[in-house]
Amino acid sequence: MPIALVDCNNFYASCERVFNPKLEGKPILVLSNNDGCVIARSNETKAMGIKMGTPYFEIKNFCKHHNIHVYSSNYTFYADMSSRVMQTLSTFATRQEVYSIDESFMDLSGYPNLSEHAQLIRKTIKQHTGIPVGIGIGNTKVMAKFANFLAKKYPQLNGVCNLIELGTERTKKAMQLTPVDELWGVGRKLSIQLKQMGIQTIYDLKIANAKILSKRFTVNLERIILELNDIQCLNIETNLEPNKQIISSRSFGKAVTTRDALLSALIYHCEQIGRKLRRQNLYARQITVFAHTNRFKDDYFSSAINVVFTQATDSFRYMTPTINKALDEIYKPYIHYKKAGIIVSDIITHEFQTIDLFDNINFTNDELLPTLESIKKKYGKNSIKLASELLSDDWKMQRNYTSANFTTDIDQILEVT
DNA sequence: ATCTGGCTAGGAC
DNA sequence: CTAACGGTCCTAGCCAGAT
């Protein structure tokens, strides 16, 4: 089965460029939340040697000096651009797996000329959304990923690498030239160990003994080896399973010491979690509340409390008292907290909800929630909040270089123009 | 002998 | 002036305890 992997080039940086043509040909850089580190770079920025994940403070001066255009991340905007790309993409294959915000696997069974088809996809996505994409084609997901890597690496391929058409000899050559760590599923730790065993390139891994490596490492590695040999182990997953865990957490703009600051941050995260649960019609039975100090310092300190609810819920009304109590246990004055958050797990879908025999409150049907949603819809996201969220805003993140929500907020576009 | 839950490491983007 | 380093999600594998 021919599989394509379509990947947006430098996605966040490209998004910024679409609505700001002055950035054409200029170096762009997008920062993580809190303006912490580099998470996207345009080609020009990559060429200047700036690495993915670099803490921004280390290169701030360099950026100023070299006129790099720096942006805080704007997920509202990127998510909307992503859905436009995925929407257009969906018309080009029988089946599509949206793998991440900027990638899709596509089942290209039945299309006669794959390379031509891929070029048409690139052209259409660019036309509809302004986003450039690269496409890799292979007989398995791992091979499609590898092909996509080659499509990016060799500009003469014009954005499309079709390994099915390339032939065994040239594919072998490409594998011999590519280090294992470039492979999907082989990260830092694993590649070090593989190299110690003499497996340096993707080709070395392809011809390695899958069974032995499976014993020594994991089945996942065995699957990768099989897929490199065109034996399909990983399917295209079209119907997405509900989340098993939902996290909302954030580093603070600066260290925080008061209970109020922690509480208001946690209440904010509680609301986020509630929204995410409701959007997917899910209910959670467990909640973990955590807070910790700066993890890059020697006196790193972290605490967490896990609570099991008697009934699964999606309502902040049942979660907030628990959070408050958990915070009583966690909180210590004079500690410099740098991050806090909430994790919910043990998640069930609507049809599996059970009502506690001895509890007469129905946790899964809080009628206040839809009312609040409609107020927010009518009067704006910030029109109504829990008071405890407003106890303090010391914890708000740094976000100094944000672009406008070009595609979702008309007022912001008017400001720009 | 087998199943279960809890926990950690490692990986992806 | 100095210090400054993301957020979410998943699975495999291991261990301990229960069946």
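Here is the naming used below: chain letters follow the sequence lines, and residue numbers restart at 1 for every chain.
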*asked:* If I take atom OH in residue A:Y78 and atom P in nucleotide C:dG6, what distance separates them, rounded to the nearest angstrom?
replied: 17 Å
_Rounded to whole Å, how long is the line connecting atom CG of A:L31 with atom P of C:dG7?_
13 Å
_For A:D328, all residues meeting salt bridge (Lys or Arg N to Asp or Glu O under 4.0 Å), sequence neighbours excluded_ = A:R259
*Kindly state whether the pair A:F57 / C:dC5 counts as stacked, where counting means centroids closer than 5.5 Å and planes tilted less than 30° apart.*
no
Sequence neighbours left out, cut at 3.5 Å: what donor-acceptor pairs do the side chains of residues 47-69 of chain A make with other protein atoms?
| unit_1 | atom_1 | unit_2 | atom_2 | d |
| --- | --- | --- | --- | --- |
| A:T54 | OG1 | A:K51 | O | 2.6 |
| A:H66 | ND1 | A:F62 | O | 2.9 |
| A:H69 | ND1 | A:P27 | O | 3.4 |

*asked:* Just to verify, what does A:D80 make a salt bridge (Lys or Arg N to Asp or Glu O under 4.0 Å) with, not counting sequence neighbours?
replied: A:R84
*Using the C1' atoms only, state how far B:dC13 lies from C:dA4, rounded to an integer number of Å.*
24 Å
*Who passes side chain to side chain contact (heavy atoms under 4.5 Å, CB included) against A:N148, sequence neighbours left out?*
A:L5, A:D7, A:K152
*Applying side-chain hydrogen bond (donor to acceptor under 3.5 Å, both in side chains), which residue pairs with at least one partner in residues 295-304 of chain A are found, sequence neighbours left out?*
A:H292-A:Y300
*Return no unless some side-chain N or O of A:N34 is found under 4.0 Å from OP1 or OP2 of C:dC5.*
no
_C:dG6 phosphate, OP1 or OP2, under 4.0 Å from A:S73 side-chain N/O_ = no
*Measure the distance from NZ on A:K338 to P on C:dA4 and round it to the nearest whole Å.*
8 Å
*asked:* Return a single string for nucleotides 8-15 of chain C, one symbol per nucleotide in 5' to 3' order, where B is base contact, S is sugar-phosphate-only contact and - is none, cutoff 4.0 angstrom on heavy atoms.
replied: SSSSSS--
_Using only atom types and a distance under 3.5 Å, with no angle test, would you say the side chain of A:E227 pairs donor to acceptor with the backbone of A:L234?_
yes
*asked:* A:D107: which residues meet the salt bridge (Lys or Arg N to Asp or Glu O under 4.0 Å) condition with it, sequence neighbours left out?
replied: A:R95
*In whole Å, what is the span from the CG atom of A:D298 to the P atom of C:dC5?*
15 Å
*Between atom OH in A:Y401 and atom C1' in C:dA4, what is the gap in whole Å?*
11 Å
_Under the salt bridge (Lys or Arg N to Asp or Glu O under 4.0 Å) test, residues paired with A:K141 that sit two or more places apart_ = A:E97
_Under-4.0 Å side-chain N/O to phosphate OP1/OP2 contact, A:K254 with C:dA3_ = no
*Atom NE2 of A:H336: over 12 foreign heavy atoms under 6.0 Å*: no
*Starting at CG of A:N61 and ending at C1' of C:dA4, how long is that distance when rounded to a whole Å?*
12 Å
*Nucleotide-resolved protein contact map, nucleotides 2-13 of chain B, B/S/- at heavy-atom distance under 4.0 Å*: --------SSSS
*Taking CD from A:Q398 and C1' from C:dC5, how many angstroms apart are they, rounded to a whole number?*
13 Å
